[in-house]
Amino acid sequence: QVQLVESGGGLVQAGGSLRLSCAASGRTFSGYNMAWFRQAPGNEREFVAAIKWTGDSTSYADSVKGRFTISRDNAKNTLYLQMNSLKPEDTAVYYCAAGSMSTSYKTYYTWGQGTQVTVSS
């Protein structure tokens, strides 16, 4: 089983940018489809973006399309989420996950501990 550790969260003003990283260890990272989810207080965990194990197919939630970019470096066992033009409604704990490329969090079986992103207006 792969282990996942997120980093890169923080406080940023609206319109700013952040890049999240998810370092993987354990079993071969390159064999896993990966995704980013987020969860704000009182809300269900929400799909953000996913990427195929090959890196040649991605999908995004409508709310982040055109602003966020998911990528991976299999040589470095790392998943990324570049977040631009951030909005206050992007404030949440962001999680990386290994599993399917579905938008449902129930189809992912390995999760990181999360990293907080706060966007001030």
Side-chain angles (χ1 to χ4, degrees):
Q1 185 122 344
V2 66
Q3 290 82 44
L4 305 172
V5 178
E6 301 95 335
S7 62
L11 174 63
V12 64
Q13 287 190 327
S17 298
L18 281 174
R19 188 175 83 154
L20 305 183
S21 298
C22 172
S25 61
R27 300 195 65 178
T28 306
F29 169 74
S30 60
Y32 292 88
N33 297 326
M34 299 293 298
W36 289 97
F37 283 77
R38 66 187 181 187
Q39 189 166 20
N43 291 357
E44 198 168 80
R45 197 161 292 192
E46 174 190 23
F47 172 79
V48 174
I51 187 167
K52 192 176 177 181
W53 65 275
T54 54
D56 60 357
S57 178
T58 58
S59 63
Y60 296 91
D62 287 343
S63 59
V64 307
K65 204 170 290 184
R67 300 188 297 122
F68 291 11
T69 303
I70 188 171
S71 63
R72 65 192 298 161
D73 186 335
N74 286 343
K76 295 182 178 179
N77 291 340
T78 305
L79 175 74
Y80 302 100
L81 184 68
Q82 178 66 44
M83 305 186 295
N84 299 329
S85 303
L86 282 161
K87 304 175 181 180
E89 51 263 43
D90 294 319
T91 295
V93 176
Y94 283 70
Y95 299 90
C96 63
S100 71
M101 285 188 66
S102 165
T103 59
S104 170
Y105 69 88
K106 298 177 182 178
T107 63
Y108 292 79
Y109 45 80
T110 301
W111 295 84
Q113 83 290 349
T115 185
Q116 176 71 46
V117 171
T118 303
V119 184
S120 63
S121 56

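Quantities reported herein were computed from a predicted structural model and do not represent experimental measurements.
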Engineer: May I ask you to decide if Gln113's main-chain N or O and Glu6's side chain share a donor-acceptor pair within less than 3.5 Å?
Structural biologist: yes
Engineer: Determine all donor-acceptor pairs shorter than 3.5 Å in which one atom belongs to a side chain in residues 13-20; sequence neighbours excluded.
Structural biologist:
residue : atom : partner : partner atom : Å
Ser17   : OG   : Asn84   : OD1          : 2.9

Engineer: Quick one: list whatever passes side-chain contact (heavy atoms from CB on, under 4.5 Å) with Val2, sequence neighbours left out.
Structural biologist: Leu4, Ala24, Tyr32, Ala98, Thr110
Engineer: Applying side-chain hydrogen bond (donor to acceptor under 3.5 Å, both in side chains), name anything that partners Ser102, two or more places apart in sequence or on another chain.
Structural biologist: none
Engineer: Residues sharing Val93's hydrophobic cluster, by side-chain heavy-atom contacts under 4.5 Å among ILVMFWY, directly or via others?
Structural biologist: Phe37, Phe47, Tyr95, Tyr105, Tyr108, Trp111
Engineer: Sort and list the pairs that fulfil side-chain hydrogen bond (donor to acceptor under 3.5 Å, both in side chains) and have at least one residue in residues 41-54, not counting sequence neighbours.
Structural biologist: Arg38-Glu46, Gln39-Arg45, Thr54-Asp56
Engineer: Can you list the residues that meet the side-chain hydrogen bond (donor to acceptor under 3.5 Å, both in side chains) rule with Thr91, with sequence neighbours excluded?
Structural biologist: none
Engineer: Which atoms form the tightest heavy-atom contact between Asn74 and Arg72, and what is the distance?
Structural biologist: OD1-NE, 2.8 Å
Engineer: For the pair Arg67 (side chain) and Ser85 (backbone), establish whether a donor and an acceptor sit closer than 3.5 Å, ignoring hydrogens and angles.
Structural biologist: yes
Engineer: Report the distance from atom CG of Asn33 to atom CG of Leu79, rounding to the nearest 0.5 Å.
Structural biologist: 11.0 Å
Engineer: As an exercise, state the distance from SG of Cys96 to CD1 of Ile51, rounded to the nearest 0.5 Å.
Structural biologist: 12.5 Å
Engineer: Any heavy-atom pair between the side chains of Met83 and Asp90 that's under 4.5 Å?
Structural biologist: no
Engineer: Please round to the nearest 0.5 Å and tell me the distance separating atom CE of Met34 and atom OG of Ser100.
Structural biologist: 11.5 Å
Engineer: Could you state the interatomic distance from OG (Ser71) to CG (Leu81), rounded to the nearest 0.5 Å?
Structural biologist: 8.0 Å
Engineer: Rounded at 0.5 Å granularity, tell me how far CZ in Phe29 sits from SG in Cys22.
Structural biologist: 6.5 Å
Engineer: Quick one: pull up CG in Asn77 and CD in Gln3 and give me the separation to the nearest 0.5 Å.
Structural biologist: 11.5 Å
Engineer: Taking Val119 as the starting point, is it possible to reach Val48 by hopping between hydrophobic residues whose side chains are less than 4.5 Å apart?
Structural biologist: yes
Engineer: If we ignore hydrogens and angles and just use 3.5 Å, is the side chain of Ser104 paired with the main-chain N or O of Lys106 as donor and acceptor?
Structural biologist: yes
Engineer: Is Lys65 paired with Asp62 through a side-chain N to carboxylate O contact shorter than 4.0 Å?
Structural biologist: yes
Engineer: Indicate if Trp36 and Tyr109 have the same hydrophobic cluster label, given that clusters are the connected sets of ILVMFWY residues with side-chain heavy-atom separations under 4.5 angstrom.
Structural biologist: yes
Engineer: State plainly whether one hydrophobic cluster holds both Ile70 and Phe68, where clusters connect Ile, Leu, Val, Met, Phe, Trp and Tyr through side-chain heavy atoms under 4.5 angstrom apart.
Structural biologist: yes
